[in-house]
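Some notes on the structure that comes next.
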2 protein chains.
Amino acid sequence: MGTRDRIVDAANRLFYEQGFEPTSFATIAEAVGISRGNFYYHFKTKDDILDAVIESRLASTREMLAEWADGSADPRERVRRFVEIVIVNRADIENYGCPVGTLTNELAKLDHPSRAHAVGVFALFRTWLREQFEELGFDAESDELAMRVLAFSQGVATLSNAFHDGDFVDREVDRVNLWLTEVLASRTPADSAV
Amino acid sequence: MGTRDRIVDAANRLFYEQGFEPTSFATIAEAVGISRGNFYYHFKTKDDILDAVIESRLASTREMLAEWADGSADPRERVRRFVEIVIVNRADIENYGCPVGTLTNELAKLDHPSRAHAVGVFALFRTWLREQFEELGFDAESDELAMRVLAFSQGVATLSNAFHDGDFVDREVDRVNLWLTEVLASRTPADSAV
DNA sequence: GTCTATATCGGGATAGAC
DNA sequence: GTCTATCCCGATATAGAC
């Protein structure tokens with residue numbers, strides 16, 4: 001892997017663990033094993049690194065969603081797969097929260113020009129989830145359901161990060177999977193409740 | 001109001017809007033209308049200001065929850081009042097997210113010693129909500145329901161901040177209020193004797 | 001491509017006059 | 001209590017050798 005990609009990978013991880021603003025070039029350089037000066041051969045500014053990190057996240061998210069689509073022919077199983085991210089990534093989420101939600105919020109507070117770029121990762125999940133619900137026979141409500149599942153994951157991630165309560169995560173995942181079954185059984189989404 | 005309190009108020013607002021770490025003494029001093037030097041008469045370090053801000057938030061949260069308790073004898077109405085925070089504070093949440101969730105996460109990423117202190121605000125809401133559900137006749141599930149309502153507010157706040165979608169907030173609040181009605185209706189008769 | 005050395009700026013924090 | 005002046009450090013970023 002080239003130096004540029006190694007920088008992006010290290011920055012990706014550090015921006016997640018420490019936040020974008022608090023992460024210094026020195027820290028990234030140390031993680032990669034290069035000098036601070038070398039940095040500027042590959043990137044002009046720190047914001048350029050951020051954009052590269054966001055691009056990398058967009059690409060890996062697209063890849064993951066495509067894999068999930070290949071992995072199961074059943075849209076219900078795919079949604080379940082998404083819901084269970086909070087279990088698979090439990091340790092990281094307890095320590096650092098959701099990488100998508102926390103970055104978008106940090107950039108919002110910084111009034112950073114790349115905020116919209118970062119929201120694109122959320123948009124990928126939203127669109128993908130909406131498509132699953134459409135395949136399951138929902139029409140206009142598909143986007144609403146997608147947002148509900150997204151909101152679930154964000155709520156669980158934030159509280160998991162605050163309280164470090166693993167049981168809470170398991171319980172809420174079970175509950176949402178149950179809710180999903182009910183919603184599919186009734187197929188009248190307007191009066192569905194979480 | 002004394003200078004110390006004015007510093008805390010300004011810092012409270014700025015830590016919310018910009019985040020703790022990115023907010024400089026210069027910015028706070030300008031907001032208060034004092035010099036940077038004067039700062040250190042009232043606080044020893046920036047972390048001391050953070051702790052004072054958290055104390056202030058704890059106090060105002062306790063006050064708010066007490067007012068809600070006085071304002072309505074019906075625990076159901078009180079929970080509803082909490083749920084509708086995301087509507088009342090819509091504009092701020094769209095711009096900066098939830099003050100509680102975003103601060104706790106920032107401090108988690110910074111591995112900051114005051115992280116647990118900040119989580120205390122979450123704990124106040126959690127306990128208060130749990131008490132409402134207990135009054136409504138729930139026993140062991142009260143804390144679970146409290147966490148669910150908290151998670152709802154965090155999920156909605158994060159997505160509202162990311163997508164700036166006001167309709168989404170209204171819709172989800174309506175839905176949770178509906179869910180609340182259903183949960184209350186489904187109580188076992190033995191529990192509902194209040 | 002990668003390095004060392006350095007410029008420049010803004011951060012938190014201190015000293016001491018008033 | 002509040003100010004000005006200043007220190008010190010670490011941040012991003014640049015220059016130029018190798």
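Here is how names work: the chains are called A, B, and so on, in the same order as the sequence lines, proteins then strands, and each is numbered from 1. Bear in mind that the values here come from a model prediction, so they are computed numbers and not experimental data.
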In whole angstroms, the gap separating P of D:dT12 from CZ of A:Phe20 amounts to 9 Å
When rounded to the nearest 0.5 Å, the distance separating OG1 of A:Thr23 from CD of A:Glu17 is 8.5 Å
- Query: Hey, are A:Arg76 and A:Thr181 close enough side-chain-wise for a donor-acceptor pair under 3.5 Å?
  - Reply: yes
Practice problem: Give B:Ser24 one of three labels, base, sugar-phosphate or nothing, depending on what nucleic acid heavy atoms sit under 4.0 Å from its own. | Solution: sugar-phosphate
query: Any donor and acceptor pair, going by atom type alone, linking the side chain of A:Asn105 with main-chain N or O of B:Tyr96 inside 3.5 Å?
result: yes
Separation between NZ (B:Lys109) and CD (A:Gln18), nearest 0.5 Å, reads 10.0 Å
**Message:** Applying a 4.0 Å non-hydrogen cut-off, can you work out what B:Thr27 is touching in the nucleic acid: base, sugar-phosphate, or nothing?
**Reply:** nothing
Determine whether the side chains of A:Glu55 and A:His117 contain a donor N or O and an acceptor N or O closer than 3.5 Å.
-> yes
Ordered by number, residues from residues 2-18 of chain A within less than 4.0 Å of DNA chain C (heavy atoms) are A:Thr3
In numerical order, the residues of residues 104-114 of chain B whose heavy atoms come under 4.0 Å of DNA chain C are none
inquiry  = Assess whether a salt bridge exists between B:Arg90 and B:Asp170, defined as any Lys/Arg side-chain N lying under 4.0 Å from an Asp/Glu carboxylate O.
reply    = yes
Ranking C:dG1, D:dC3, C:dC3 by distance to the side chain of A:Tyr41, first place goes to C:dG1
Output for pair (B:Gln154 CD, B:Met147 CE), nearest 0.5 Å, gives 10.0 Å
Output for pair (B:Phe168 CZ, A:Glu144 CD), nearest 0.5 Å, gives 9.5 Å
A:Glu21 atom CD is separated from D:dG10 atom P, nearest whole Å, by 16 Å
Interatomic distance, OG1@A:Thr45 vs CZ@A:Phe43, rounded to 0.5 Å, equals 9.5 Å
Scoring nucleotides 13-18 of chain C by protein non-hydrogen atoms under 4.0 Å (B base, S sugar-phosphate only, - none) yields BB----
**Prompt:** Would you say the side-chain atoms of B:Ser114 and B:Asp51 include a donor-acceptor pair closer than 3.5 Å?
**Reply:** yes
Separation of C:dT4 atom P from A:Phe39 atom CZ, nearest Å, is 14 Å
d(A:Leu145 CG, A:Leu136 CG) to nearest 0.5 Å is 9.5 Å
